[in-house]
Amino acid sequence: MPELPEVEIVARSLAAQVLQHKITAIEKLDWERMVETPDLATFRATLPDRCILAIGRRAKWLLMTLDAGWTLALHLRMSGNLTVQAAEAMPDIYTHLVLALDDGRRIFFQDQRKFGRVRLLDPVGLAALHASLGPEPLDTQFAINDLAQLLARRNARLKPLLLNQAIIAGLGNIYVDEALWYAHLHPLRAASSLDPDEVERLYYAIRTVLQQGIQNHGSTLRTYRNSYGEPGNNQEHFAVYDRKQQPCPRCGTPIKRILVAQRGTHFCPVCQPDPSALPITVENNR
DNA sequence: CATTACCTGCAA
DNA sequence: TTGCAGGTAATG
């Protein structure tokens, strides 16, 4: 569930609570498959006594910089939540990882669907993670031309391309649909078919919807919460996502929902014209 | 590129 | 009971 804005909010709210605190113990780890690397014995032996020096985000990964060169990377996937709990709080059956802190509070990694993952990375592993991911769309370094380069010569359709974390980082099903609506682009448009104006529209649309998602503390459809356990309210601002049959905020046409790459995809059939309905580009003589 | 698997809860 | 859910990796 959590996409870039949600993970960003979790990272910020976690940083506000646990920076400079030490992880004293792993109090619960009852779904061992969530630990992807290193092996379980090393994970269990290394995490205790690590101090949390910084908390950030890369794509949809939450990164806790620890001492001794370690980074704890957590991925919430569809239903994960990271919260800080008082000493007396009891983990429920969906809480699969509990990290005790030096002041008695604890960090709960709760995950109904058990898709969430954790990696304890050394500097080499961290570099490999970064290298596997595309650019951060909110990075001040990320320019219109960078997006143009990502789209150029790619036959893939916009929706699956923008969901691909190796191409561009942090977008998920909600924010792709929202961005394409803002940019007036149909999700099935071929990436390489965009003209410069359309690339520019998409660039600002992506940044706008992500920034708006952060401003509204993320989107809570079912389970998403920040690290205080509070929901976001960006779902109240959706233009198309989860709004099948409801009026397009721009033109009033009922929003359509189709399947693209097996993902529910929402768009306005008038504002985002079907690529097959676009005027044929006649090869202009010279 | 499309399909399937990974999990569980919830709404239709 | 079936299908669907904010994600990704593995498989044809």
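Below, each value reflects all heavy atoms present in this structure, side chains not excepted, and no hydrogens, waters or symmetry copies. By convention in this document, chain letters (A, B, ...) are assigned in the order of the sequence lines, proteins followed by strands, and residues within each chain are numbered from 1.
For A/His75, taking side-chain heavy atoms from C-beta onward, the closest of the listed nucleotides C/dT8, C/dG6, B/dG9 is C/dT8. In this structure, the nucleotide among C/dG6, C/dA9, C/dA5 sitting nearest to the side chain of A/Arg257 is C/dA5.
No donor-acceptor distance shorter than 3.5 angstrom exists from the side chain of A/Asn164 to the backbone of A/Leu161, with no hydrogens or angles considered. A/Gln165 places a side-chain N or O within donor-acceptor distance of the main-chain N or O of A/Leu163, the cut-off being under 3.5 Å.
The nearest whole Å value for the distance from the CG atom in A/Leu133 to the P atom in C/dG7 is 14 Å. Between A/Arg117 atom CZ and C/dG7 atom C1' there is a gap of 11 Å when expressed in whole angstrom units. Between the NE2 atom of A/His266 and the C1' atom of C/dG6 there is a distance of 11 Å, given to the nearest Å. In this entry the distance linking CZ of A/Arg113 with C1' of C/dG3 reads 12 Å, nearest Å. Rounding to whole angstrom units, CG of residue A/Asp111 and P of B/dC6 are separated by 16 Å. A straight line from CE of A/Met78 to P of C/dT8 spans 10 Å, rounded to a whole angstrom. For the pair A/Lys244 NZ and C/dA5 C1', the computed distance is 14 Å after rounding to whole Å. Taking atom CD on A/Glu36 and atom P on C/dT8, their separation rounds to 11 Å, with Å as the unit.
Taking atom C1' in both C/dG6 and B/dC1, one finds a spacing of 23 Å when rounded to whole Å. When the P atom is compared between C/dT8 and B/dC10, the two are found 24 Å apart, to the nearest whole Å.
In this structure, the side chain to side chain contact (heavy atoms under 4.5 Å, CB included) partners of A/Asp92, at least two apart in sequence or on a different chain, are A/Tyr94, A/Thr95, A/Gln110. With sequence neighbours left out, A/Asn173 forms a side-chain hydrogen bond (donor to acceptor under 3.5 Å, both in side chains) with A/Lys159. By the side-chain hydrogen bond (donor to acceptor under 3.5 Å, both in side chains) test, A/Thr42 pairs with A/Asp39, sequence neighbours left out. Listed by chain and number, the residues in a salt bridge (charged side-chain N to carboxylate O under 4.0 Å, His left out) with A/Arg117 are A/Glu36 (sequence neighbours excluded).
For B/dT8, the OP1/OP2 oxygens have a side-chain nitrogen or oxygen of A/Lys114 closer than 4.0 Å. An OP1 or OP2 oxygen of C/dG6 is reached within less than 4.0 angstrom by a side-chain nitrogen or oxygen of A/Arg263.
The OG atom of A/Ser79 sits 7.5 Å away from the CZ atom of A/Phe115 when rounded to the nearest 0.5 Å. A distance of 7.0 Å separates OG1 of A/Thr265 from CG of A/Leu259, quoted to the nearest 0.5 Å. To the nearest 0.5 angstrom, A/Phe109 atom CZ is 9.5 Å from A/Leu72 atom CG. Atoms CZ and CG, from A/Arg113 and A/Leu76 in turn, are 13.5 Å apart once rounded to the nearest 0.5 Å.
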Expected rows: protein N/O vs nucleotides 1-3 of chain B N/O, under 3.5 Å:
| residue | atom | partner | partner atom | Å |
| --- | --- | --- | --- | --- |
| B/dT3 | OP2 | A/Gln262 | OE1 | 2.9 |

Enumerate the protein-to-nucleotides 10-12 of chain C contacts in which both atoms are nitrogen or oxygen and the separation is below 3.5 Å.
none

Using a cutoff of under 3.5 Å, can you pull out all pairs of nitrogen or oxygen atoms linking the protein to nucleotides 10-12 of chain B, with atom names and distances?
none

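Of the candidates A/Ile52, A/Leu120, A/Leu53, A/Ile52 is the only one forming a side-chain contact (heavy atoms from CB on, under 4.5 Å) with A/Met64.
Pairs engaging residues 253-274 of chain A under the ring pair (Phe, Tyr, Trp, His ring centres under 6.0 Å) rule: A/His186-A/Phe267, A/Tyr241-A/His266 [sequence neighbours left out]. For residues 46-73 of chain A, the pairs satisfying side-chain hydrogen bond (donor to acceptor under 3.5 Å, both in side chains) are A/Glu8-A/Arg57, A/Arg50-A/Asp67, A/Arg57-A/Glu136, A/Arg58-A/His130, A/Arg58-A/Glu136, with sequence neighbours left out. Note on residues 188-208 of chain A: pairs passing ring pair (Phe, Tyr, Trp, His ring centres under 6.0 Å), not counting sequence neighbours, are A/Phe142-A/Tyr203.
In this structure, the aromatic ring of A/Phe115 is positioned over the six-membered ring of the base of B/dC6, centres within 5.5 Å and planes within 30°.
The residue A/Trp31 sits close only to the backbone: its heavy atoms come under 4.0 Å of sugar-phosphate atoms, none of a base.
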Checklist outcome for this item: Note, DNA chain B 5' to 3' with Watson-Crick or G-U pairs under 3.5 Å encoded as ( ), [ ], | and . gives ||||||.|||||
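Cluster partners of A/Val270 are absent, since no Ile, Leu, Val, Met, Phe, Trp or Tyr has side-chain heavy atoms less than 4.5 Å from it.
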